[in-house]
Each structure stands twice: as structure tokens, then as C-alpha cells.
2 protein chains.
Amino acid sequence: MARTTGSHSDITGPRVRAAALRLFARGGYAAVSMRAIAAEVGVQAGALYNYTPDKQSLLFDLMQAHMTDLLAETPHDPSRPAMQQLQDFVAFHIRFHADRPDEVFIAYMELRNLTEENFAVIERLRRDYEDRLESILRAGVASGDFAVADTKIVTLAIIAMLTGVNTWYRAGGRLSLDEVVAQYWDMVRKAVTA
Amino acid sequence: MARTTGSHSDITGPRVRAAALRLFARGGYAAVSMRAIAAEVGVQAGALYNYTPDKQSLLFDLMQAHMTDLLAETPHDPSRPAMQQLQDFVAFHIRFHADRPDEVFIAYMELRNLTEENFAVIERLRRDYEDRLESILRAGVASGDFAVADTKIVTLAIIAMLTGVNTWYRAGGRLSLDEVVAQYWDMVRKAVTA
DNA sequence: TAATTTAATGAACAAGCGTTCAAAAGCAAA
DNA sequence: TTTGCTTTTGAACGCTTGTTCATTAAATTA
């Protein structure tokens with residue numbers, strides 16, 4: 001009994017999500033039709049509704065999965081010095097985001113296409129992630145390692161700067177990811193120290 | 001003869017652009033219908049076509065006007081020390097963008113909804129703006145004022161960081177724009193010096 | 001092989017899309 | 001008041017949208 005009552009195909013389901021991810025990232029949620037997603041999967045539009053209740057859930061599930069992964073993988077070790085925690089965070093953020101350009105693009109561009117309830121959920125996860133960084137900054141200020149006047153502003157500035165990497169970085173380009181991480185860490189380190 | 005043959009209303013035209021700007025910024029280009037824009041202006045959809053050949057031109061004209069304004073107002077005085085040119089640039093960028101949240105939002109979010117030709121035009125203007133900053137960084141490196149390994153990366157990092165202000169800054173909030181400018185200048189200055 | 005469950009089809013739905021255009025309305029000059 | 005031009009209307013066009021559902025096909029279990 002490999003197939004349980006009520007279960008759906010374990011092949012088509014992931015392909016639907018993958019197609020939605022690709023197409024949403026390239027064309028934008030509003031501009032991508034269910035028929036276009038179905039065509040990418042090689043199926044008729046009606047079949048998609050075996051795997052998602054509606055188009056909105058398709059978007060929301062992608063964004064929620066991305067944010068949940070992000071939070072689950074974020075390094076977190078308060079026992080380490082703040083400076084090293086910050087370095088770990090910078091390296092992690094750049095690498096994690098470089099690995100998932102489509103997810104990142106959607107997470108930043110399609111917020112306004114979420115329903116009010118769904119938006120609140122994603123926004124909360126985003127804030128949780130920001131809080132991880134701000135905690136590090138506050139620890140560094142407390143220990144005297146960082147010279148930061150307003151940890152909230154610096155948090156947002158660092159995240160904006162790091163996420164900006166995704167607008168230009170391409171694997172196999174002029175710079176390796178190691179070099180990118182090193183350069184950004186150099187800027188961040190200098191910006192938060194006296 | 002206040003009205004010249006072939007001219008269009010000088011009242012409705014600007015209102016159409018203003019409505020398109022507002023609605024595109026709030027809902028996204030693809031999700032905003034011509035009928036919605038018309039309703040915002042208080043007119044029927046057909047009337048819009050007295051002021052724009054099509055929806056695409058409405059978007060393109062808004063973005064082009066924004067980028068042209070940006071470039072026209074960017075401070076540029078190579079005779080000043082690089083450090084002061086950079087400070088001027090940072091202050092200008094933050095203030096200019098804070099004044100035009102809708103235009104900025106559209107300019108960053110709706111690039112993919114431009115036709116290929118229109119995209120090339122906007123992309124070129126964006127690159128021109130980046131080059132302004134990179135010129136300042138190169139001058140500072142040449143004069144020994146800046147310690148920057150890769151001016152291209154630092155250019156993109158600074159612009160991403162500064163533009164990020166628009167995601168959270170609201171007039172009348174916790175911080176004045178002067179304070180925001182001061183904090184960001186502090187970070188940028190430290191990041192580009194040894 | 002027969003019975004049962006799951007997955008996909010393909011047509012249909014009401015609604016909305018960008019755009020066009022003949023007709024009507026509004027206004028300035030003569 | 002009449003003439004001529006500008007602007008708006010309102011209907012219509014062909015097409016696409018998200019979603020539903022009875023039917024068919026396929027695969028699994030018995």
C-alpha cells in the first residue's frame with residue numbers, strides 16, 4: 001500500500017511548486033497565470049488544484065517555506081564573541097541567499113500580493129530574522145566590541161546591503177562567493193567598529 | 001486662444017500620471033487595470049488614451065522621468081575632496097529617495113514589466129547613476145582617502161544600503177531625516193576608510 | 001481479473017483585461 | 001448662434017483570468 005487514501009502524487013506536487021517558483025520569480029505573481037504554470041509542468045490547469053487550493057496559497061507556501069528555512073539555518077551561538085557571530089551571520093546570509101535567487105526575489109517582491117493574513121505571517125518571520133541580527137549587534141555593543149549608535153538602523157542597513165548581492169552576483173562571474181563574502185565582511189566589520 | 005489645436009488637457013494629463021504612479025506603487029503594474037486608473041482620475045477608461053498610447057508607456061514614462069530627475073539632481077563637483085563628494089552623495093541619495101517613495105518603489109519593482117527596449121533605456125540610466133558613485137570612490141582611492149579593494153562592489157553595496165532606507169523610513173517617525181543621514185554617513189565613511 | 005482509489009482532462013463559468021471608435025458633450029472663437 | 005475643435009463617453013471587440021466539475025484514464029489493491 002504505497003499510496004495512502006487522500007494523498008496526492010509525490011511527483012507532480014513538487015513540480016508544481018518548482019514551476020510556480022520559477023515563473024513567479026521571472027514574471028511576477030500577478031503576471032503569471034495558472035495556465036502558464038500548468039503548461040510548465042505539462043498538465044492542464046485544472047490539475048493544479050489537486051496540489052493547491054488556489055493561486056494565493058501557492059505563493060504563500062513558497063514564501064513561508066523560504067522564510068522558515070532561512071530561520072532554521074541561521075547560525076545562532078550566543079556563547080561566541082559578538083564579532084564572530086556577526087561574521088558568521090554575514091557569511092551565512094550571503095551564501096544562503098546566493099543559493100536561492102528565485103526564493104529571495106519572490107520573498108522581497110511579492111509581499112504586496114499576499115492577502116492581509118498571509119502577509120502578517122511572512123512579515124513576522126522577516127522580523128524574527130532581523131531580530132537575530134539585532135541581538136548580535138546589541139551583544140557587541142554591550143561587550144564594547146561594536147560602536148553602533150542605533151542597532152535597529154544598522155540591522156536594516158546591513159541586511160539591505162547583503163541582500164543587494166543577489167541583484168548582481170552570478171555563479172561563475174568575476175568574483176567567487178568566497179571573495180564576495182570577504183569583501184562584504186570587510187565593509188560590515190569596519191562599519192560597526194569605531 | 002488659450003487652447004491650441006492638437007493639445008490635450010493640461011489638467012487631466014498630470015492627474016492620469018499621478019493616479020498611475022499611486023496605483024502602480026501600491027498594487028503593482030500587472031495588478032492595476034486601466035479602468036482602475038481611470039476610476040482614480042474620475043473618468044472612463046477610454047479617456048486615458050488621450051494621454052498615453054498604452055499602459056506600457058504609462059509605466060515607462062514614469063520610470064524614465066524619475067531616473068532623469070535623479071541624474072539631473074545628483075551633486076557632481078570633481079573639484080571637491082572625494083570624502084566630501086561622498087558625503088554629499090549619501091545625503092542626496094537618502095533625501096531624494098525619501099521624497100519620492102512611490103517613484104522609487106516602481107523604479108525597483110517594475111523593471112521586469114518593461115518591454116525589452118524600454119528596459120534597456122532605464123537600465124542605462126541606472127548604470128549612469130551607479131557610475132557617478134563609482135567615480136567618487138575611484139577618486140578617493142587614487143587620492144589615498146579611501147581604502148576600497150573593489151570599487152564596483154562597494155558602489156553596489158552602498159546604493160543597496162542607502163536605498164533600503166525607503167523600506168522603513170516614514171516622515172514623522174522615530175528619527176528625523178537629518179538623523180538618518182548622519183547615521184548612514186557614519187557607516188559609509190567607516191566602511192570606505194581604513 | 002475485478003474493484004477501488006487517485007489523478008488528469010477538457011469544457012464551462014462569470015468576470016475582467018487592454019484597446020478601439022462612433023457618437024455625444026463641452027467649450028472657444030467668429 | 002453657429003462653426004470647429006477638444007475631450008469624454010459608453011459600448012463593443014476578442015481574449016485571458018481563476019476556478020469548478022463531471023467524466024475519463026490510470027494505477028493500485030484485492
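Any value given below was found using the heavy atoms of this structure, including those in side chains, with hydrogens, waters and symmetry copies removed. Chain letters run A, B, ... following the sequence lines, proteins first and then strands; every chain starts at 1.
Residues from residues 36-48 of chain A placing a heavy atom under 4.0 Å of any atom in DNA chain C, listed by number, are A/Val43, A/Gln44, A/Gly46, A/Ala47. At a non-hydrogen distance threshold of 4.0 Å, nothing from residues 112-121 of chain A comes into contact with DNA chain C.
A search for side chain to side chain contact (heavy atoms under 4.5 Å, CB included) contacts involving B/Glu130 returns B/Arg126, B/Arg127, B/Lys152, B/Thr155, B/Leu156, B/Ile159, not counting sequence neighbours. Scanning for salt bridge (Lys or Arg N to Asp or Glu O under 4.0 Å) contacts around B/Asp145 gives an empty result, with sequence neighbours left out. The side chain to side chain contact (heavy atoms under 4.5 Å, CB included) check on B/Ala182 picks up nothing, with sequence neighbours excluded. Contacts of A/Asp77 classified as salt bridge (Lys or Arg N to Asp or Glu O under 4.0 Å), with partners at least two apart in sequence or in another chain: none. Not a single salt bridge (Lys or Arg N to Asp or Glu O under 4.0 Å) links B/Glu179 to another residue, sequence neighbours left out. Under the rule for a side chain to side chain contact (heavy atoms under 4.5 Å, CB included), the partners of B/Asn166 that lie at least two apart in sequence or sit in another chain are B/His97, B/Pro101, B/Val104. Partners of A/Asp61 by salt bridge (Lys or Arg N to Asp or Glu O under 4.0 Å), not counting sequence neighbours: none found.
At whole-Å resolution of the value, OH in B/Tyr29 and C1' in C/dC17 are 12 Å apart. As a whole-Å value, the separation of B/Asn50 CG from C/dG26 P is 16 Å. Put simply, CZ on A/Arg15 is 15 Å from P on C/dA7, counting in whole angstrom units. Rounding to whole angstrom units, CG of residue A/Leu58 and P of D/dT19 are separated by 10 Å.
Residue pairs meeting the ring-ring contact (aromatic ring centres under 6.0 Å, His included) criterion with at least one member in residues 20-43 of chain A, sequence neighbours excluded, are A/Phe24-A/Tyr29. Evaluation of the ring-ring contact (aromatic ring centres under 6.0 Å, His included) test over residues 125-173 of chain A, restricted to residues two or more places apart or in two chains, returns A/Phe89-A/Tyr129, A/His93-A/Tyr129.
Dashed line: the shortest gap from a side-chain N or O of A/Tyr51 to OP1 or OP2 of C/dA7 is not under 4.0 Å. Here A/Thr12 does not reach the OP1 or OP2 of C/dA7: none of its side-chain N or O atoms lies under 4.0 Å away.
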N/O contacts under 3.5 Å, protein versus nucleotides 15-17 of chain D?
unit_1: D/dT17; atom_1: OP1; unit_2: A/Ser33; atom_2: OG; d: 3.3

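In terms of modelled atom types and a separation under 3.5 Å, the side chain of B/Arg100 and the main chain of B/Phe96 share a donor-acceptor contact.
When every heavy atom of A/Ala19 is checked against every heavy atom of A/Glu40, the shortest pair comes out as CB-CG, 3.5 Å.
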